**Q** 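My questions will all concern the structure given below.
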Amino acid sequence: MSDPAPRFGRYVVLDELTGSAGERTLVAYDPELDRKVGLKLFPVASASEQARRRERARVLAGLVHSHVVRVHDVGTVEGRLFAAMDFVEGCTLEAWIARERPAWARVLEVLRAAGEGLAAAHAAGLVHGRFGPEAVVVGDDGQVRVIDFVRSSPQLGSAPREVDDRIAFCTVAFHALWGHAPGDETEASTPPALPRRVRRVVSEGLREDSRRPTMRAVLDGLRPTTWPRLRVGVGAVLLLAAVGFAVTRPESSPAVEPWCEGVEARLAEAWNPETIAQARDAFAATGVVYASEAWAAVELELQLFV
């Protein structure tokens, strides 16, 4: 007769994952909730530290967000504090990128999802404090979740700050999008397809005194351009039409003449430093706060097109 499965309190232990600094992470089955969970077992600590950890876990248990791993139970078994949370089948951000080799747009989508989790935690008064690529898990279901909040600290005294999370997020984003760490000049340069707006927001977010000091501000800068919102000037619309005409076969072209004949000259008339400046000024003249970012996106698309 086989030995019964080991237990930790009411939980049936299925496996143990690699831990650090005295922590243990167990994969377990919760018979009361009939589901698999992850159990974080904290190192033995003083009564005051145990109380702080318990309070952090309880605050996190009240945070319900699609991009944050949910804590379901907090307790003590034989003097060992634990937190039971969702068990996510998947892999970390770095492993996912190495395996999938996704395009930058998909990487940015995953990063934005993780950033939403951080921003939601900040709104609830929690700071991660240890955010890195290993704290982002892309589930087998495609869902992106931030883990290990339970090890974070509240915003008190010398505890980690929101700005630390923002800098850590932009560091992770830089490495994921550029393919190397910030400041590593020995590696490849920025991928040419990466929009300047994205490069600017991520690079700026690495600074302590960034113009986008919060995670929410960084995420606003990284959100996809919403074309229906853009109230572009007449000059910009005419420019787009001109470029389209320059590379499109005129209806009146004689059948005996190849449609592409003279296209370089027509394109030069439509897309040159003067018309580019006119279009940029037309975007700025709309007066909307996102005009410069909208123009950067339009210019990038046109440069790729022409």
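Small disclaimer: the values here were computed from a predicted structure and weren't measured.
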**Q** State whether the side chain of R223 and the backbone N or O of D220 hold a donor-acceptor pair below 3.5 Å, judged by distance alone.
**A** yes
**Q** Working to the nearest 0.5 angstrom, can you tell me the gap between L126 CG and R56 CZ?
**A**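 So the gap between those two atoms works out to 9.5 Å.
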**Q** Identify whether the distance between the nearest side-chain nitrogen and carboxylate oxygen of E109 and R112 falls below 4.0 Å.
**A** no
**Q** Is there a path from L33 to Y29 through hydrophobic residues (I, L, V, M, F, W, Y) whose side chains come within less than 4.5 Å of each other?
**A** no
**Q** Is the closest basic N to carboxylate O distance between E208 and R161 below 4.0 Å?
**A** yes
**Q** Any side-chain heavy-atom pair from R10 and D73 closer than 4.5 angstrom?
**A**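 Side chain of R10 against side chain of D73, heavy atoms only: contact under 4.5 Å found.
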**Q** Could you measure the distance from the CZ atom of R199 to the CG atom of L194? Nearest 0.5 Å is fine.
**A**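 Between R199 CZ and L194 CG, I get 6.0 Å after rounding to 0.5 Å.
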**Q** Any link between V163 and V146 through a network of hydrophobic side chains (Ile, Leu, Val, Met, Phe, Trp, Tyr) touching at under 4.5 Å?
**A** no
**Q** Tell me, with the steps shown, if E100 and R106 meet salt bridge (Lys or Arg N to Asp or Glu O under 4.0 Å).
**A** CA-CA 10 Å; E100 301 293 333; R106 174 57 180 149; over 6 Å; no
**Q** How far apart are the C-alpha atoms of V198 and L108, what are their side-chain angles, what is the distance that settles it, and do they pass the side-chain contact (heavy atoms from CB on, under 4.5 Å) test?
**A** CA-CA 9 Å; V198 174; L108 187 59; 3.9 Å; yes
**Q** Start with the C-alpha gap between R54 and T76, add the side-chain angles, then the distance that decides, and say whether side-chain contact (heavy atoms from CB on, under 4.5 Å) holds.
**A** CA-CA 9 Å; R54 183 186 296 273; T76 304; 2.5 Å; yes
**Q** State, to 0.1 Å, how close L219 and A119 come at their nearest heavy-atom pair, and which atoms those are.
**A**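 Here L219 and A119 meet closest at CD1-CB, 4.0 Å.
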**Q** To the nearest 0.5 Å, what is the distance between OG1 on T171 and CZ on F131?
**A** 10.0 Å
**Q** Determine whether a donor-acceptor pair (N or O, by modelled atom type, separation under 3.5 Å) exists between the side chain of H72 and the backbone of A84.
**A** no
**Q** What are the two closest heavy atoms between G90 and D140, and how far apart are they?
**A** CA-OD1, 3.4 Å
**Q** Should I167 and L222 be regarded as members of a common hydrophobic cluster, given that ILVMFWY residues are connected when their side-chain heavy atoms come within less than 4.5 Å of each other, either directly or indirectly?
**A**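 Cluster IDs for I167 and L222 differ.
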**Q** Using a cut-off of 6.0 Å, state whether more than 12 heavy atoms not belonging to R101 lie near its atom CZ.
**A** no
**Q** Let me see the working for H122 and R166 under side chain to side chain donor-acceptor pair (under 3.5 Å), right down to the final yes or no.
**A** CA-CA 10 Å; H122 291 173; R166 184 256 295 166; over 6 Å; no
**Q** Is the closest basic N to carboxylate O distance between E116 and R216 below 4.0 Å?
**A**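 Judged by the 4.0 Å cut-off on N to carboxylate O distance, E116 and R216 do form a salt bridge.
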**Q** Treating R212 as the side-chain partner and A217 as the backbone partner, does any N or O pair qualify as donor plus acceptor under 3.5 Å?
**A**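 Flag set: sc R212 to bb A217 pair under 3.5 Å.
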**Q** Evaluate the side-chain proximity of E204 to V218: yes if any heavy-atom separation is below 4.5 Å, no if none is.
**A**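 Contact flag for V218/E204 side chains = no.
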**Q** Kindly compute the distance separating CD1 (I147) from CZ (R130), expressed to the nearest 0.5 Å.
**A**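 It comes to 11.0 Å.
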**Q** Hey, could you give me the CZ/CE distance between R70 and M85, rounded to the nearest 0.5 Å?
**A** 12.0 Å
**Q** Honestly curious: do V110 and L177 fall in one hydrophobic cluster under the side-chain, below-4.5 Å linking rule?
**A** yes
**Q** When rounded to the nearest 0.5 angstrom, what distance separates CG in L17 from CZ in F87?
**A** 6.0 Å
**Q** Within the distance-only criterion (no hydrogens, no angle test), does the side chain of D141 pair as donor or acceptor with the backbone N or O of Q143 below 3.5 angstrom?
**A**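 Pair found, side chain donor or acceptor close to backbone of Q143.
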**Q** Only one of Q50, R24, R53 forms a side-chain contact (heavy atoms from CB on, under 4.5 Å) with P43, so which one is it?
**A**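 Single pass found, and it is R53.
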**Q** Backbone N or O of L26 within a donor-acceptor pair of the D15 side chain at under 3.5 Å?
**A**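 No, the answer is negative, given that no donor and acceptor are paired below the 3.5 Å cut-off.
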